[in-house]
**Q** 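There's a structure below that I have some questions on.
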Amino acid sequence: MDATRRLSPELARRALAYTSGRVTPVAPKDAATVVLVRDGDRQVEAYLLRRHRQMAFAAGMYVFPGGVVDRRDSDPGLAWVGPSAAEWAERLRCDEPTARALVCAAVRETFEESGVLLAGPTASSVVADTTGVDWEADRRRLVDRALAFSELLGARDLVLRTDLMAACGHWITPEFEPRRYDTRFFVAELPGGQRTRDVSGESDRVAWMTPRAACAGVEGGEMAMLPPTYATLCQLSVFDRAAAVVAAARDRKITTIMPTFEVIGDETWLVVPESAASPWEVRDA
């Protein structure tokens, strides 16, 4: 078994308490995460952040940009182009308000944690640069929840480019965990002209890495990841172009994964379908 599946002693005790009925599952919060990809020298690269070791959730883990849905993410007045909320609802298997909130949260969190904005002045253009002082002020106001994402787009006459993303996964935190998330995974290519910035207050390191190198880092004990992150990187290890990743994601069937657990000897392990880490079929972009 890969190291991402071994439970800490604390979680192992909680899992056993859940089995005996002493732990009641908490309701998972809707969340979204985005795998930003770009073309590397020979292979596709993904953007990763390492969370501060003081964080309450996933401390010290490498993650993709993402977070929980804000109540204002479902604002129907948000300027929107690309697949409709109804189309996203069908793809994500949820109602339209939830689909709208998930897509908005994915784009908002990506901007908050990487400085990359999947929006533009028109349905066929993308913001070229988000590194100015005024952009940083808006980003900080988003993080502080002093500004709604719809307000940012409206003030700058921008539209959300939902066509720049593709849904690619759905993971739900195991029932025995104290913090639970119902997370949709998206993938998007880094827009031309934009660049990532180390701006997330929740991380102490950021890096562009090939999926193969990141997975090797986990397998060698040099990096720590939660199973969904590791599995997703394993799935992308066969790609050499970012556009091909997005194209493949649009066609693949999404299966909801909620790990369980099993005890083997003195250790407790998450049980995740082996197919969760199987590489996607490479398609022409």
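These numbers were taken from a predicted model, which means no experiment stands behind them. Residues: numbered from 1 along the sequence shown.
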**Q** For side-chain contact (heavy atoms from CB on, under 4.5 Å), just list the numbers for Q194 and V126, CA-CA rounded to whole Å, side-chain angles, deciding distance to a tenth of an Å, and then say yes or no.
**A** CA-CA 9 Å; Q194 291 195 35; V126 186; 3.5 Å; yes
**Q** For F185 and F64, take the angle between the two ring planes, folded into 0 to 90°, and tell me which bin it lands in: parallel under 30, tilted 30 to 60, perpendicular over 60.
**A** perpendicular
**Q** One thing to verify: whether K253 and D251 come together as a salt bridge, which I'm taking to mean a side-chain N less than 4.0 angstrom from a carboxylate O.
**A** no
**Q** Under 6.0 Å from the CD atom of E219, do we count more than 12 heavy atoms belonging to anything else shown?
**A**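 Count over threshold, so yes.
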**Q** Flag the pair L16 / V263 as yes when at least one side-chain heavy-atom distance between them is below 4.5 Å, and no otherwise.
**A**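 Of all side-chain heavy-atom pairs linking V263 with L16, at least one is under 4.5 Å.
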**Q** Is R38 salt-bridged to E189, going by a charged N under 4.0 Å from an acidic O?
**A** no
**Q** Could you tell me whether a side-chain N or O of R161 sits under 3.5 Å from a main-chain N or O of A123, the two making a donor and an acceptor?
**A**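 Yes: the side chain of R161 pairs with the backbone of A123.
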**Q** Distance-only, no hydrogens or angles: does the T19 side chain make a donor-acceptor pair with backbone N or O of A15 under 3.5 Å?
**A**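 Confirmed, T19 side chain pairs with A15 backbone.
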**Q** Within a radius of less than 6.0 Å around CZ of R145, do more than 12 heavy atoms belonging to other residues, nucleotides or ligands occur?
**A** yes
**Q** Hey, could you give me the CD/CD distance between E262 and E267, rounded to the nearest 0.5 Å?
**A**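 Reported to 0.5 Å precision, the distance equals 11.5 Å.
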**Q** Quick one, L160 and F149 - any side-chain contact, counting heavy atoms below 4.5 Å?
**A**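 Yes, close enough: below the 4.5 Å cut-off.
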**Q** Mind checking whether R212 and S237 have side chains closer than 4.5 Å, heavy atoms only?
**A**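 Heavy-atom side-chain distance check passes, below 4.5 Å.
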**Q** Salt bridge or not between R141 and E151? Use side-chain N to carboxylate O under 4.0 Å.
**A**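 Answer for the salt bridge query: no.
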**Q** Let me confirm one number: the CG-CG distance from L147 to L142, rounded to the nearest 0.5 Å.
**A** 5.0 Å
**Q** What are the two closest non-hydrogen atoms of L233 and P211, and how far apart are they?
**A** O-CB, 3.2 Å
**Q** Can you name the nearest heavy-atom pair linking R139 to F111, along with the distance?
**A**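 Taking R139 first and F111 second, the nearest heavy atoms are CD-O, 3.5 Å.
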**Q** Run W88 and E96 through side-chain contact (heavy atoms from CB on, under 4.5 Å) and show every step you take.
**A** CA-CA 8 Å; W88 278 106; E96 288 189 33; over 6 Å; no
**Q** Which heavy atom in W280 sits nearest to a heavy atom in C168, and how many Å separate them?
**A** CH2-CB, 3.4 Å
**Q** Say whether, by atom type as modelled, one donor and one acceptor occur between the side chain of T162 and the main chain of P83 under 3.5 angstrom.
**A**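 At least one qualifying donor-acceptor pair exists.
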**Q** Could you give the distance from CG (L190) to OG (S114), rounded to the nearest 0.5 Å?
**A**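 Going from CG on L190 over to OG on S114, the span is 8.0 Å.
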**Q** With a 4.0 Å cut-off, would you call E87 and R91 a salt bridge?
**A**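 Looking at E87 and R91, the cut-off is not met.
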**Q** Should I254 and L102 be regarded as members of a common hydrophobic cluster, given that ILVMFWY residues are connected when their side-chain heavy atoms come within less than 4.5 Å of each other, either directly or indirectly?
**A**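 Different clusters: I254 never reaches L102 through Ile, Leu, Val, Met, Phe, Trp or Tyr contacts under 4.5 Å.
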**Q** Do P273 and I257 touch side chain to side chain, with heavy atoms closer than 4.5 Å?
**A**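 Contact flag for P273/I257 side chains = yes.
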**Q** Tell me, please, which residues at least two apart from F261 pass ring-ring contact (aromatic ring centres under 6.0 Å, His included).
**A**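 By the ring-ring contact (aromatic ring centres under 6.0 Å, His included) rule, F261 matches F176.
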**Q** Would you give the length of the straight line joining atom CD of E112 to atom CG of L117, rounded to the nearest 0.5 angstrom?
**A** 11.0 Å
**Q** Can you check whether Y181's main-chain N or O pairs, donor with acceptor, with T173's side chain at less than 3.5 Å?
**A** yes
**Q** Run the side-chain contact (heavy atoms from CB on, under 4.5 Å) check on T130 and E136 step by step: do they pass?
**A** CA-CA 8 Å; T130 62; E136 179 57 17; over 6 Å; no
**Q** Show, in sequence, the C-alpha distance, side-chain angles and deciding distance for W269 and I264, and conclude whether the side-chain contact (heavy atoms from CB on, under 4.5 Å) test is met.
**A** CA-CA 7 Å; W269 300 79; I264 302 177; 4.2 Å; yes
**Q** Could you tell me whether the side chains of R5 and Y230 share a donor-acceptor contact shorter than 3.5 Å?
**A** no
**Q** Can you tell me how far OG1 of T4 sits from CG of L270, rounded to the nearest 0.5 angstrom?
**A**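 Spacing of CG (L270) from OG1 (T4) equals 7.5 Å.
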**Q** Sub-3.5 Å donor-acceptor pair from the side chain of R184 to the main-chain atoms of A32, do we have one?
**A** no
**Q** Which heavy-atom pair separates D70 from R108 by the least distance, and what is that distance?
**A** N-NH2, 3.6 Å
**Q** I'd like to know if E10 and R13 make a salt bridge, using a cut-off of under 4.0 Å between side-chain N and carboxylate O.
**A** no
**Q** May I ask you to test the E45-M209 pair for a side-chain heavy-atom distance under 4.5 Å?
**A** no
**Q** Using a cut-off of 6.0 Å, state whether more than 12 heavy atoms not belonging to D134 lie near its atom CG.
**A** yes
**Q** Is it true that, when you exclude R93 itself, more than 12 heavy atoms of the residues, nucleotides or ligands shown sit nearer than 6.0 Å to its CZ?
**A** yes
**Q** Does Q43 offer a backbone N or O that forms a donor-acceptor pair with the side chain of T210 under 3.5 Å?
**A** no
**Q** Closest approach of A166 and R250, non-hydrogen atoms and distance?
**A**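 Looks like CB-CG, 3.7 Å.
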**Q** Give a yes or no on whether Y18 and I172 share a hydrophobic cluster (residues Ile, Leu, Val, Met, Phe, Trp, Tyr; joining criterion: side-chain heavy atoms under 4.5 Å apart).
**A**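 As far as the 4.5 Å side-chain criterion goes, I172 and Y18 are not connected within one cluster.
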**Q** Report yes if some heavy atom in the side chain of M165 is under 4.5 Å from a heavy atom in the side chain of L118; otherwise report no.
**A**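 Result yes, sub-4.5 Å side-chain heavy-atom pair found.
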**Q** Quick one: do R100 and D75 make a salt bridge, cutoff under 4.0 Å?
**A**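 No.
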**Q** Do the side chains of R50 and E113 get close enough for a salt bridge, i.e. N-O under 4.0 angstrom?
**A**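 Salt bridge: no.
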**Q** What I want to check is whether the side chains of T232 and T229 have a donor and an acceptor closer together than 3.5 Å.
**A** no
**Q** Check for me, please, whether L92 and V107 land in the same ILVMFWY cluster - side-chain distances under 4.5 Å, paths through other members count.
**A**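 Same cluster: L92 reaches V107 through Ile, Leu, Val, Met, Phe, Trp or Tyr contacts under 4.5 Å.
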**Q** Please check if the side chain of W135 supplies one atom and the backbone of D129 the other of a donor-acceptor pair under 3.5 Å.
**A** yes
**Q** Do the side chain of S275 and the main chain of S278 share a donor and acceptor less than 3.5 angstrom apart?
**A**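 Side chain of S275 to backbone of S278: no pair is present.
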**Q** Are the side chain of R180 and the backbone N or O of P174 linked by a donor-acceptor pair below 3.5 Å?
**A**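 A pair under 3.5 Å: yes.
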**Q** Would a hydrophobic clustering, with Ile, Leu, Val, Met, Phe, Trp and Tyr connected at side-chain separations under 4.5 Å, put V103 with V81?
**A**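 Per the 4.5 Å side-chain linkage, V103 and V81 are not co-clustered.
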**Q** Should D240 and V44 count as side-chain neighbours, where that means a heavy-atom distance under 4.5 Å?
**A** no
**Q** Mind checking whether V34 and E109 have side chains closer than 4.5 Å, heavy atoms only?
**A**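 When only atoms from C-beta onward are counted, E109 and V34 do not touch, as no gap falls below 4.5 Å.
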**Q** Which side-chain N or O atoms in residues 220-227 pair as donor and acceptor under 3.5 Å with protein atoms at least two apart or in another chain?
**A**
none

**Q** With rounding to the nearest 0.5 angstrom, report the CZ to CG distance, F239 to D39.
**A** 12.5 Å
**Q** Is L36 reachable from V63 through a run of hydrophobic residues whose side-chain heavy atoms are each under 4.5 Å from the next?
**A** yes
**Q** State, to 0.1 Å, how close A12 and L7 come at their nearest heavy-atom pair, and which atoms those are.
**A**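 For A12 versus L7, the nearest heavy atoms are N-CB, 4.2 Å.
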**Q** Keeping T110 on the side-chain end and A106 on the backbone end, is there a donor-acceptor pair under 3.5 Å?
**A**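 Judged by distance alone, yes, a pair lies under 3.5 Å.
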